[in-house]
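To start, the structure itself, in structure tokens.
Residue numbering restarts at 1 for every chain, and letters A, B, ... go by the order of the sequence lines.
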Amino acid sequence: MAGAGMHPYHQQWVPPPQPPPPAAPPIPVENPNRTAADEVRTIFISGLPADVKERELHNLLRWLPGFDASQINFKAEQPMGFALFSTPQHAIAAKNALQDLVFDAETKSVLHTEMAKKNLFVKRGVVADSNSIDQSKRLRTGGDYTHAGYPAPPFHTPPPPPVWGTPGYMAPPAPYDPYGGYPVPQVSMPTPAPVPAPSGYAPVQNTKDNPPCNTLFIGNLGENVNEEELRGIFSVQPGYKQMKILRQERNTVCFIEFDDVNGATTVHQNLQGAVLPSSGRGGMRIQFSKNPFGRRKDSVNGSAAEHNGAPTTYQQ
DNA sequence: AGCACA
């Protein structure tokens, strides 16, 4: 990361700069002989829950490198998603990343992705331009975030998409790329700000977990994680309160407290298996802590007021 | 699998 160290991590996440769609950016293709018109750089996404919103899909996809636009076709029995990327390589990478992704654990929707037969056609000027919205058309959610003077991004979603099931996948020790969840060919990605993000995701075998609470237990951290690394990732998560690192014999573990269970749960899902750049051993394991922050095991020390019906109401 | 701090 170039010496842009003045950006504090606990700053609001700013959406990554996307290629400006209205200007019809020339697609960066390695082979200039090809017109790129015939190259499919769209993926087809099935397995979406019937009540999926375009915005949902878009918010998932927008973090993927090279993402241009997405659309859902609701006419079929099951919604069919399409996502356009700037290059076929980006599309392939995204396809792999999204393959078997649990889109919604509650409805048990698991995504299935394929390369599309043909490219998604993105209509110009539909995106975020209220004057030119053609109401008869379905709104396409494009990757255009160039709303000038946007006060604050409406998303405080963490940068990475949720766990994706690419068994055995390990992020390469490539130069830290805040937006890249997976390796993608050289495309102008300027690495503008040191936005903390895992360098990838790895599957996690989460044996047992504890009942949800507002504190997360982070395990399977590498030997040489440093606090800044962890803080960088977690402190920007919505509802983050504080964290505590615990170094043990061989392991380093970490506790993260959130305002409420929701915050913890979201991060539990979204960052599960996130691979820190420092990690030599795959993704971090995220579990709910056995005890919430600021509260000890039970019994032991003097503060035994809670056992005799004392209404120690702490909500989580 | 490793769960601390008041």
**Message:** Without decimals, in angstroms, what is the distance between Arg247(A) CZ and dA1(B) P?
**Reply:** 22 Å
**Side chain of Phe217(A) - closest among dG2(B), dA4(B), dA1(B)** = dG2(B)
**Prompt:** Judged by modelled atom types alone, do Asp104(A) and Thr107(A) share a side-chain donor-acceptor pair under 3.5 Å?
**Reply:** yes
**Request:** Have a look at Gln287(A) and say if it touches a base, only the backbone sugar-phosphate, or nothing, with a 4.0 Å heavy-atom cut-off.
**Result:** base
**Asked** Please give, in whole Å, the distance from dA1(B) P to Asp209(A) CG?
**Response** 12 Å
**Item:** Nucleotide dA4(B), atom C1' - distance to NZ of Lys244(A) in whole Å
**Value:** 6 Å
**Prompt:** Which of these nucleotides, dA4(B), dC3(B), dA1(B), is closest to any side-chain atom of Asn210(A)?
**Reply:** dC3(B)
**Student check: side-chain heavy atoms of Arg41(A) and Thr87(A) closer than 4.5 Å** = no
**Request:** Rounded off to whole Å, could you give me the CE-to-P distance for the Met284(A) and dG2(B) pair?
**Result:** 19 Å
**Item:** Closest-nucleotide ordering on DNA chain B, the 5'-leading residue of Phe293(A) and Asn220(A)
**Value:** Asn220(A)
**Prompt:** Do Val52(A) and Phe103(A) touch side chain to side chain, with heavy atoms closer than 4.5 Å?
**Reply:** yes
**Request:** Rounded to the nearest angstrom, tell me the gap between atom CZ in Phe255(A) and atom P in dG2(B).
**Result:** 12 Å
**Rounded distance (Å) that lies between atom C1' of dG2(B) and atom CG of Leu246(A)** = 8 Å
**Request:** Would you mind reading off the distance between Ile218(A) atom CD1 and dA1(B) atom C1', rounded to a whole angstrom?
**Result:** 15 Å
**Request:** Rounded off to whole Å, could you give me the CD-to-P distance for the Glu257(A) and dA6(B) pair?
**Result:** 14 Å
**Prompt:** Which is true for Arg285(A) with a 4.0 Å heavy-atom rule: it touches a base, it touches only sugar-phosphate, or it touches nothing?
**Reply:** base
**Prompt:** When the ring planes of Phe44(A) and Phe82(A) are compared, do they come out parallel, tilted or perpendicular, using 30° and 60° as the limits?
**Reply:** tilted
